[in-house]
Amino acid sequence: MTQKFFTQSRLDALLAQVTTTEQLDAVEALWKASKEMERLAALRSLRANSVKFLAALTAVQGHVTKLSGAAGLLRGPDIEAMEGEIQELHRLLHHEESLGKTFSSGDTVLQIMRDEEVIAPAAAPVALPAADAPLETPTPINSSNFAVIADEYVRFFLGVQTRPTHASKVAAMVAKAVANRPRYEAATVGLGVPWWFVAGLHQMEATYNFGGHLHNGDPLRSRTIRVPAGRPTSGTPPFSWEESAADALRHQRLDGLTDWSLPRALWRWERYNGFGYRSRSIPKPYLWSFSSVYLKGKFTSDGRFDGNAGSAQSGAAVLLKALMEAGHVTLQTDMIAEAETDHADAPTAADSAANTDGTALPTHPFARFFADALPDVDKFEWREFLYKGASHAANGLNADPPEALWQNVVPLARALQAFREAIGKPVVLTSIYRSPEYNAAIGGAGRSQHMAFRAADFKVVGAGRPTDWARKLRALRDDGVFSGGVGVYNSFVHIDTRGMTADW
């Protein structure tokens with residue numbers, strides 16, 4: 001990268017137009033900035049100077065814009081040629097250091113899915129909690145299923161720290177993202193995609209180059225060449241950046257989505273580039289580069305992995321966290337895990353007596369429902385599913401599940417029946433339905449499956465530990481007995497039949 005785009009002939013052509021001191025100062029500033037950019041571009045270790053180069057390139061772009069605008073000089077072929085060459089230098093810099101796509105055949109399907117049609121948004125995402133402790137080189141779960149890895153995103157995000165050696169680079173990226181915000185918002189009018197999400201894509205796919213497609217950084221003068229190739233499919237090149245950006249967001253089916261909570265955003269960023277790092281047990285640099293959880297290993301080009309290569313880009317999640325900490329973004333989260341503790345509804349006493357609602361009379365309508373809907377469930381009686389929890393005795397806040405929810409308990413009861421038959425020991429239900437008031441009082445998750453009457457906490461008398469019970473449940477789930485979540489706690493296990501896999 002030793003191209004000298006601001007030659008003596010171009011300097012002379014601009015000077016020939018100069019009529020004011022302001023114009024002369026602008027030409028001089030452009031000359032100095034371009035020489036600095038060319039000096040940095042000629043260095044062998046461009047990676048170490050990439051942020052400085054980007055800053056110099058941005059200065060050159062600003063001077064060129066000023067010369068062709070406020071300073072009043074004619075654009076002419078020289079100015080237009082310089083703008084194109086600046087963008088090409090920018091693209092080459094990004095291409096040398098960027099992360100390749102990691103799509104597999106399975107990822108191709110994910111790449112074009114509208115995920116909210118598969119996994120419904122949370123009714124009420126909650127504020128991002130505080131971090132428990134810093135993370136160091138954690139192993140990501142080898143899955144692309146949002147329900148499985150959603151809480152991992154939150155855990156990583158809370159625990160990551162920007163590496164001190166990269167703090168200035170991240171700060172520079174934050175400043176650039178904020179400066180570009182008007183263009184991101186203009187590109188997303190009517191699409192519903194937040195500006196900061198586009199900023200993350202723009203940083204990762206083009207290092208903030210407005211001369212490249214948001215799809216992958218390829219030049220706007222033609223359709224994309226790399227994955228995804230041939231975009232945009234309509235229109236005539238050269239494309240405007242906003243036109244191509246809108247096409248990229250629609251192509252990924254990101255338009256019209258409503259849930260932009262933290263785990264959704266991180267999953268969509270990862271999907272944009274592919275899930276190929278997970279099978280290699282590496283936190284994805286597209287998200288986590290420049291942070292404490294990423295060391296090395298990257299796809300140097302589409303589909304080509306180098307375990308010793310490191311990323312020179314600030315990951316999108318790291319950028320987002322820095323934007324949040326600087327007050328530019330407010331984040332919410334949608335936790336998949338029930339986030340329960342060993343509260344009073346999960347006693348540790350090793351008794352084998354079933355917990356039942358002793359006040360429920362045989363004439364209770366749920367008794368008839370249970371008999372009619374679950375004649376195959378004989379290891380539990382209907383009163384056990386109306387047990388209101390140990391804390392109810394103190395606070396009196398729980399209630400019988402509304403009749404409209406009764407059908408939800410059918411797959412749950414059958415899953416528990418299968419587990420009881422497999423484990424061969426008494427299974428004691430400690431928490432089943434919770435009214436919203438009761439759930440809040442005992443610290444349950446904001447969208448707990450207990451409130452839908454399709455979750456149960458339980459313990460097993462005389463048969464191992466919670467980890468053993470959870471292993472047995474997951475085996476039943478793998479066999480298709482139920483579809484839902486399994487959570488392991490110190491003294492009990494949670495099961496729910498939410499219809500998608502979730503583990504914690």
Side-chain angles (χ1 to χ4, degrees), residues 118-120 122 138-156 263 267 278 333-343 345-348 355 377 379-380 384-385 387 389 408-434 439 442-504:
V118 180
I119 304 169
T139 300
I141 299 168
N142 185 18
S143 174
S144 59
N145 187 325
F146 174 74
V148 174
I149 58 181
D151 289 350
E152 177 189 275
Y153 288 129
V154 178
R155 182 168 60 89
F156 279 27
W267 186 83
R278 290 184 175 273
T333 187
D334 172 20
M335 301 294 286
I336 295 296
E338 292 288 316
E340 299 173 287
T341 59
D342 281 319
H343 49 67
D345 279 2
T348 57
N355 289 315
V377 173
K379 302 299 183 182
F380 300 89
E384 293 178 70
F385 289 90
Y387 176 61
N408 291 351
V409 83
V410 172
L412 175 67
R414 287 188 173 134
L416 287 166
Q417 170 82 5
F419 174 76
R420 172 65 179 82
E421 291 172 346
I423 204 77
K425 295 289 183 178
V427 175
V428 179
L429 306 184
T430 60
S431 182
I432 310 90
Y433 174 73
R434 300 176 189 162
N439 183 68
I442 65 173
R447 62 181 301 193
S448 174
Q449 301 295 319
H450 287 279
M451 293 189 291
F453 201 26
R454 54 173 168 244
D457 298 340
F458 67 84
K459 63 180 182 178
V460 180
V461 180
R465 299 175 300 175
T467 52
D468 303 318
W469 313 335
R471 190 179 305 113
K472 182 73 70 175
L473 269 183
R474 289 170 183 148
L476 291 171
R477 186 178 61 191
D478 290 343
D479 289 340
V481 173
F482 73 101
S483 175
V486 176
V488 184
Y489 298 87
N490 291 336
S491 63
F492 67 96
V493 166
H494 167 102
I495 176 179
D496 64 60
T497 51
R498 68 182 68 189
M500 58 189 180
T501 299
D503 290 303
W504 62 93

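- Residues Ala470 and Val493 share a closest heavy-atom pair of N-CG2, 4.1 Å.
- A donor-acceptor pair under 3.5 Å links the side-chain atoms of Trp267 to the main chain of Ser144, judged by distance alone.
- Put simply, NE2 on His494 and CD on Gln449 are 6.5 Å apart, with the number rounded to the nearest 0.5 Å.
- Screening Val488, Val460, Val486 against Trp469 for a side chain to side chain contact (heavy atoms under 4.5 Å, CB included) leaves a single residue, Val460.
- Taking 4.5 Å as the limit, some side-chain heavy atom of Phe146 sits within range of a side-chain heavy atom of Pro263.
- Between Ala418 and Val481, the shortest heavy-atom distance links the atoms CB-CG1, 3.7 Å.
- For the atom pair CE (Met451) and CG (Asn408), the distance works out to 12.5 Å, reported to the nearest 0.5 Å.
- Remark: Lys425 NZ to Lys459 NZ distance equals 15.0 Å, nearest 0.5 Å.
- In terms of heavy-atom proximity, Gln417 sits nearest to Phe380 at N-CE1, 3.9 Å.
- By the 4.5 Å heavy-atom criterion applied to side chains, Ile495 and Phe482 are counted as neighbours.
- Nearest heavy atoms, Asn355 versus Val428: ND2-CG1, 3.4 Å.
- Below 30°, between 30° and 60°, or above 60°: for Phe458 and Phe419 the angle between ring planes is between 30° and 60°, a tilted geometry.
- Taking both residues in full, the closest heavy atoms of Arg477 and Asp503 are given as NH2-OD2, 2.8 Å, listed atom of the first, atom of the second, then distance.
- Between the side chain of His450 and the backbone N or O of Ile432 there is at least one donor-acceptor pair closer than 3.5 Å.
- The CG atom of Asp496 sits 9.5 Å away from atom CG of Asp457, with the distance rounded to the nearest 0.5 Å.
- Among all heavy-atom pairs drawn from Leu412 and Arg454, the shortest one is CD2-C, 3.7 Å.
- Distance CD1/Ile423 to CG/Leu416: 12.0 Å, rounded to 0.5 Å.
- Remark: Arg474 CZ is packed, more than 12 non-hydrogen atoms of other residues, nucleotides or ligands lying under 6.0 Å away.
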